[in-house]
J.: 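Sharing a structure below in structure tokens format, with a few things to ask.
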Amino acid sequence: MATEETTSTASGGGPNASNGDASDGAITGALGIAAPESRFTLELSQDQKDIRDWVHGFAEDVVRPAGAEWDEREEFPWPIVQEAAKIGLYGLEGIAQFWADPSGLSFPIVNEELFWGDAGIGMSIFGTTLAVAGIYGSGTPEQLAEWVPQCFGTPGDAQLGAFCASEPDAGSDVSGYRTTAKYDEAKDEWLINGQKAWATNGGIANVHVVIAAVDRELGARGHAAFVIPPGTKGLEQGAKVKKHGIRASHTADVHLDDVRVPGSCLLGGKEKLDERLARAREGQSSKGQAAMRTFELSRPTVGAQAVGIARAAYEYALDYAKERHAFGRRIIENQAIAFALADMKMEIDAARLLVWRAAWMGRTGKDFTAAEGSMSKLKAGEVAVWATERAIQILGGNGYSREFPVERMHRDAKIYTIFEGTSEIQRLVISRAISGLQIK
Ligand SMILES: Cc1cc2nc3c(=O)[nH]c(=O)nc-3n(C[C@H](O)[C@H](O)[C@H](O)COP(=O)(O)OP(=O)(O)OC[C@H]3O[C@@H](n4cnc5c(N)ncnc54)[C@H](O)[C@@H]3O)c2cc1C
């Protein structure tokens, strides 16, 4: 990539750049550099623009107007999820269409637009994708084909998926999971016991993806991911969490008491697991653990959601600052306000660029050598918290009132420095990646 950028600049970026006419060839020929194929662009394709505008329309017409109500009710917004399913935004087809984009940008674009509408409802619509990412991260093609459709249900009968990794005593420290999975060879079944915490859609999902320890002595390397099929006995929702933000989204404990699932519910299959455990027991290095792989896949998408919230607050504050008068002038005419808005715009754009880079890297199979996925989520989460707080400040007393949406956006934004790895954990991941050391 560096080489491509260097050669692009040499051939076309200077003051005498000739927009691809015949002299380009002469210049590059004279310099002994082959004319490059210019593959770098931030210009969205027509498909990407169409998808963006379609999701934005739904966010503006359906999601945004309902945000305050479902936040107050603290209930799962089933009617809106069903509407999203009917139009194909929620469901296998939609996800497949977004994922098909070879640049990887459609998925973050869709997330940004939806969460621009409202994050609580956005999470209710897209929380399932965490379970889907879990299946995708560890499952075989057959398992993907069997379980992903069941996570979504059908357009007329929407269902949910839940990804259950965190536990009451182990969130950041995944090596501390106590949920166990034991293999019953005679019956070719897995017996799973434990308690999961904070599961988005936990207990109300059709399909639960559960991370459990097969060999606790191996810490995170002894984990495996299991699908718990709909209606499995022994899986029950525990306490539903009352939250600070994204209150429409359902978050709950999940209890697993003597849950029995067929051997085929082990994602990736027994043979692969046995090989992985054997390598871990011999002390050989591994490419990653089940839960961490899932998080790495989904971080840019989560970052895009945070960008959507930040942009919503910024746009609201910008409009407000142009309307609101104090001391005989519009408040935006004060540098203190205008500069705050300038900084908000700049930081949001910077966050989006990191998100797009990471999404592109993920989709095109690049190695995240500097933990670019974590970078994007870290930056976007922190920008969202900061920008929504700035928006409250710009609205003054109104910003602090539930009559205006920015206080909700601020509450919603805060989760983005906590879930999918806290900001501290993202910094650990990045610092380990760039140093090659086990930073503590
Ligand atoms: C609304 C919501 C939805 C969620 N959805 C899901 C879900 O669907 N599935 C799921 O599995 N989980 C989910 N989670 C759980 C979430 O991922 C965890 O809360 C998160 O990983 C943090 O774990 P913890 O809460 O146990 O905090 P802890 O790990 O106890 O951390 C507490 C504090 O200590 C810091 N800390 C910990 N270790 C270090 C260290 N080594 N260095 C520096 N600082 C450190 C943390 O950054 C944090 O500030 C959700 C959580 C919430 C709130």
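Remember, it's 1-based here, ligands and their atoms both numbered in the order they're listed. These figures come from a predicted structure and were not determined experimentally. By convention here, the first residue in the shown sequence is residue 1.
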J.: So among Asn111, Leu89, Leu105, Ile109, which one has a side-chain contact (heavy atoms from CB on, under 4.5 Å) with Phe98?
T.: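 Exactly one candidate clears the test, Leu89.
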J.: Quick one: nearest non-hydrogen protein atom to atom 2 (C) of ligand 1, plus distance?
T.: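 Minimum-distance protein heavy atom for atom 2 (C) of ligand 1 reads Ile415 CD1, 3.8 Å.
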J.: May I ask whether atom 41 (N) of ligand 1 is less than 4.0 Å from at least one protein heavy atom?
T.: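 Yes.
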J.: Using a 4.5 Å cut-off on heavy atoms from C-beta on, say whether the side chain of Tyr177 contacts that of Arg216.
T.: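 Side chain of Arg216 against side chain of Tyr177, heavy atoms only: no contact under 4.5 Å found.
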J.: Might you check, step by step, whether the distance between atom 23 (O) of ligand 1 and some protein heavy atom is under 4.0 Å?
T.: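 So far as the 4.0 Å threshold goes, atom 23 (O) of ligand 1 is in reach of a protein heavy atom.
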J.: Regarding atom 15 (C) of ligand 1: of the candidates Ala205, Ala165, Ser166, Gly245, which has the closest heavy atom?
T.: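 The nearest heavy atom belongs to Ser166.
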J.: For the 3.5 Å polar cut-off, considering only N or O atoms, please tell me whether Ser172 and ligand 1 meet it.
T.: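 Right, the criterion is met.
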J.: With nothing but distance in play, are any N or O atoms of Ala199 less than 3.5 Å from an N or O of ligand 1?
T.: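 Between Ala199 and ligand 1, no N or O pair is found under 3.5 Å apart.
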J.: Considering only the protein, which heavy-atom contact is closest to atom 38 (N) of ligand 1, and what is its distance?
T.: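 Nearest protein contact, heavy atoms only, for atom 38 (N) of ligand 1 is Ile425 CD1, 4.1 Å.
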J.: Report the nearest protein non-hydrogen atom to atom 9 (N) of ligand 1: residue, atom name, distance rounded to 0.1 Å.
T.: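 Ranked first by proximity to atom 9 (N) of ligand 1 is Phe163 O, 2.8 Å.
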J.: Taking atom 32 (C) of ligand 1 as the reference point, report whether a protein heavy atom occurs under 4.0 Å from it.
T.: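 Looking at atom 32 (C) of ligand 1, one finds that no protein heavy atom lies closer than 4.0 Å.
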J.: Look at atom 13 (C) of ligand 1 and say whether a protein heavy atom is found at less than 4.0 angstrom from it.
T.: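 There is a protein heavy atom less than 4.0 Å from atom 13 (C) of ligand 1.
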J.: Show the atoms of ligand 1 that are less than 4.0 angstrom away from any heavy atom in Thr200.
T.: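 Those of ligand 1 that fall under 4.0 Å from Thr200 are 3 (C), 4 (C), 5 (N), 6 (C), 7 (C), 8 (O).
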J.: Determine whether the side chains of Lys240 and Thr251 contain a donor N or O and an acceptor N or O closer than 3.5 Å.
T.: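 No, because no side-chain N or O of Lys240 sits under 3.5 Å from a partner of the opposite role on Thr251.
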J.: Do me a favour and list the nearest non-hydrogen protein atom to atom 4 (C) of ligand 1 with residue, atom name and distance?
T.: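 For atom 4 (C) of ligand 1, the nearest protein heavy atom is Trp198 O, 3.0 Å.
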J.: Taking the six-membered ring of Tyr183 (Phe, Tyr or Trp), confirm whether the NZ or CZ of Lys270 is under 6.0 Å from its centre and within 45° of its axis.
T.: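 Yes, a cation-pi geometry holds between Lys270 and Tyr183.
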J.: In terms of relative ring orientation, are Phe107 and Trp99 parallel, tilted or perpendicular, with 30° and 60° separating the classes?
T.: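 Plane angle over 60°, so perpendicular.
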J.: Where is the nearest protein heavy atom to atom 48 (C) of ligand 1: which residue, which atom, and how far?
T.: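 Here the closest protein heavy atom is Thr422 CG2, 4.0 Å.
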J.: Using a strict 4.0 Å cut-off to heavy atoms of Leu428, name the atoms of ligand 1 that fall inside it.
T.: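 In order of number, 41 (N).
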J.: Taking atom types as modelled, is there a side-chain donor on Thr128 or Gln159 under 3.5 Å from an acceptor on the other?
T.: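 Per modelled atom types, Thr128 and Gln159 side chains form no pair under 3.5 Å.
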J.: With heavy atoms of Glu424 as the reference, note each atom of ligand 1 found under 4.0 Å away.
T.: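 Every atom of ligand 1 under 4.0 Å from some heavy atom of Glu424: 43 (C), 44 (N), 46 (C), 47 (O), 49 (O).
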J.: Can a protein heavy atom be found under 4.0 Å away from atom 36 (N) of ligand 1?
T.: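 So far as the 4.0 Å threshold goes, atom 36 (N) of ligand 1 is out of reach of every protein heavy atom.
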